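Both backbone and side-chain heavy atoms feed into the values below; hydrogens, waters and symmetry mates do not. Labels below follow one simple rule: chain letters A, B, ... track the order of the sequence lines, proteins then strands, and each chain is numbered from 1. Note that the coordinates shown come from a computational prediction; the quantities given were computed from them, not determined experimentally.
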Amino acid sequence: MLKIYNTLAREKQTFKPIVAGKVSMYVCGMTVYDFCHLGHARVMVVFDMVSRWLRASGYDVTYVRNITDIDDKIIKRANENNESIAQLTQRFIDAMDEDSARLGVIRPDIEPKATEFVEGMLSMIAALVEKGFAYPAANGDVFYAVNKFEGYGKLSGKSLEDLRAGERVEVDSFKRDPMDFVLWKAAKPGEPSWDSPWGKGRPGWHIECSAMSAHHLGQHFDIHGGGQDLQFPHHENEIAQSEAAHSHDGKSCQMVNYWMHNGFVRVDDEKMSKSLGNFFTIRTVLEQYDAEVVRFFILRAHYRSPLNYSDHHLDDAKSALTRLYTALRGVEVVDGAVDWQHPQAARFKLAMDDDFNTPEALAVLFDLANEVNRTKDVDSLHLLKGLAGVLGLLQRHPDEFLQGDVTSELDVEGLIQARLTAKKNKNFTEADAIRKQLAEAGIVLEDTPQGTTWRRA
RNA sequence: GGCGCGAUAGCAAAGCGGUUAUGCCGCGGCCUGCAAAGCCGUUUAGACCAGUUCGACUCUGGUUCGCGCCUCCA
């Protein structure tokens, strides 16, 4: 039985889908004005893992991840670059697709773009105004009146009084309450805009997710995910918008049953973020590390824990993954269904069902690798590959992983043959010299009863 | 200031009220011409102070430290 830590309840809860056998899941995706960094990689990989596990558990999953393709930063960046907004966003959507594919992320079923849903947002804003949850201001903006929504703060555990007392509440004279947030922004000269009952403008950030999730998954759906930093205000505001807009006779209806938030990627114990400037883009990291190593690195920590990024940790992950691939080397693995009756598969399932405990699930993989290395047991071998596949790992040919990123000018096979000849002639000095030469090129030789193989260091 | 999360061996990271986590690194052994890989064994744990308990890394309270949200953020 799957248990999920629900931010809304602040505890693990048994997962019960709204419709038996089906799961509707919405995850907040990227604002596409720059390359994705490792923090984005974590969201993509974590919720990819979640959707894979739900599917492996037999659920029919509809996974929606949005693309924010209109906002202040996009407009600013497009102006700076002297390119159109459409050009800019498409460029970074393509880059994002490329990065996520390399990380082994299966594309979400639906990837709606904000600009394609402005109409839906406008009708939702209209409903909010009509029901008294929102008001047009004198400057042409439309604001959400937080004090009209009873449950405001229930996700993030904040109270309006505490929020108002905070030091960093923005002052905006057009708001009735400093905590009110914008649903519709009046267009400034030169900005892209859409017509609306309140004049030309563009949507606020939060409304897009409310409109798109309702359109694709309905007013009430199972799982909503995103980074921890979206908990407040973004997700709090989504709830306020959706539950108020969809309310009937003054009774609000629940938007989401399970809220999931993944932890941050950190650098030197600080959150990796754009504003701090301490971010590493996915593509930069992939210049140095195999994408599967990065995926493994992410899944190695529990999704809610902080994850420190450093070369040392990536090196460590690489060594660990090498161990798993080494166990698969030189043996035929026919892909087949996982036998969930197997004790180790049962252990894996128990771990994954416990709020997606991937570190424990990976420990099962290592125990299986040990079993394979010891006994060459075929069931363990298939299970190792099968279970790893559920996590999107270990699906390449071992040699591709173990030898893949070596680009050597040397004739590796020729040198291996020369060394074997030298060995046969007991000329160990020569044999060791060849091995040293290869080692300096980053190639490690391994003599086995079946012959000599090599891998990159 | 308000709210929340965390502190596990050299590094990373889980479960668990009593029994080997796991990976990397180190050490010893087996294997090997020597290595590598693998196998076997092994050294390093549970921030601090109380309490509950026959027994706590695991539960409770406090202290200290770290991090996050309260502003755009995955």
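Remark: A/Asn370 is in phosphate contact with B/C40, judged by side-chain N or O atoms under 4.0 Å from OP1 or OP2. Residue A/Thr68 has no polar side-chain atom (N or O) positioned under 4.0 Å from OP1 or OP2 of B/C72. Listed pair A/Asn373 / B/C39 meets the phosphate criterion, a side-chain N or O lying under 4.0 Å from OP1 or OP2.
A straight line from NE2 of A/His312 to C1' of B/A13 spans 13 Å, rounded to a whole angstrom. As a whole-Å value, the separation of A/Tyr303 OH from B/G68 P is 20 Å. If you take CD of A/Glu360 and P of B/U22, they are 10 Å apart, rounded to a whole angstrom. Atom C1' of nucleotide B/C24 and atom CG of A/Asp311 are separated by 15 Å, given to the nearest angstrom. Here the C1' atom of nucleotide B/A7 and the CZ atom of A/Arg266 are 11 Å apart, to the nearest Å. Residue A/Asp367 contributes atom CG, which lies 11 Å from atom P of B/C40 at whole-angstrom precision. For the pair A/Arg347 CZ and B/A21 C1', the interatomic distance rounds to 7 Å; values are reported in whole Å.
Stretches of at least 3 consecutive Watson-Crick or G-U wobble pairs, with each checked distance under 3.5 Å, appear in RNA chain B as B:1-7 with B:64-70, B:10-12 with B:22-24, B:26-30 with B:38-42, B:47-51 with B:59-63.
Rounded to whole Å, the separation between the P atoms of B/U44 and B/U22 comes to 16 Å. Between the C1' atoms of B/C3 and B/A12, the separation comes to 30 Å (whole Å). Rounded to the nearest Å, the gap between the P atom of B/A45 and that of B/C30 is 28 Å. Nucleotides B/G15 and B/U8, compared at atom C1', are 12 Å apart to the nearest Å.
Put simply, the side chain of A/Arg435 and the base of B/A35 share a donor and an acceptor less than 3.5 Å apart.
You'll find the ring centres of A/Tyr258 and A/Phe15 inside the 6.0 Å limit. When ring centroids are compared, A/Phe181 and A/His206 come within the 6.0 Å threshold. Aromatic ring centroids of A/Tyr26 and A/His224 lie under 6.0 Å apart.
Between the side chains of A/Tyr152 and A/Asn237, a donor-acceptor pair is found at a separation under 3.5 Å.
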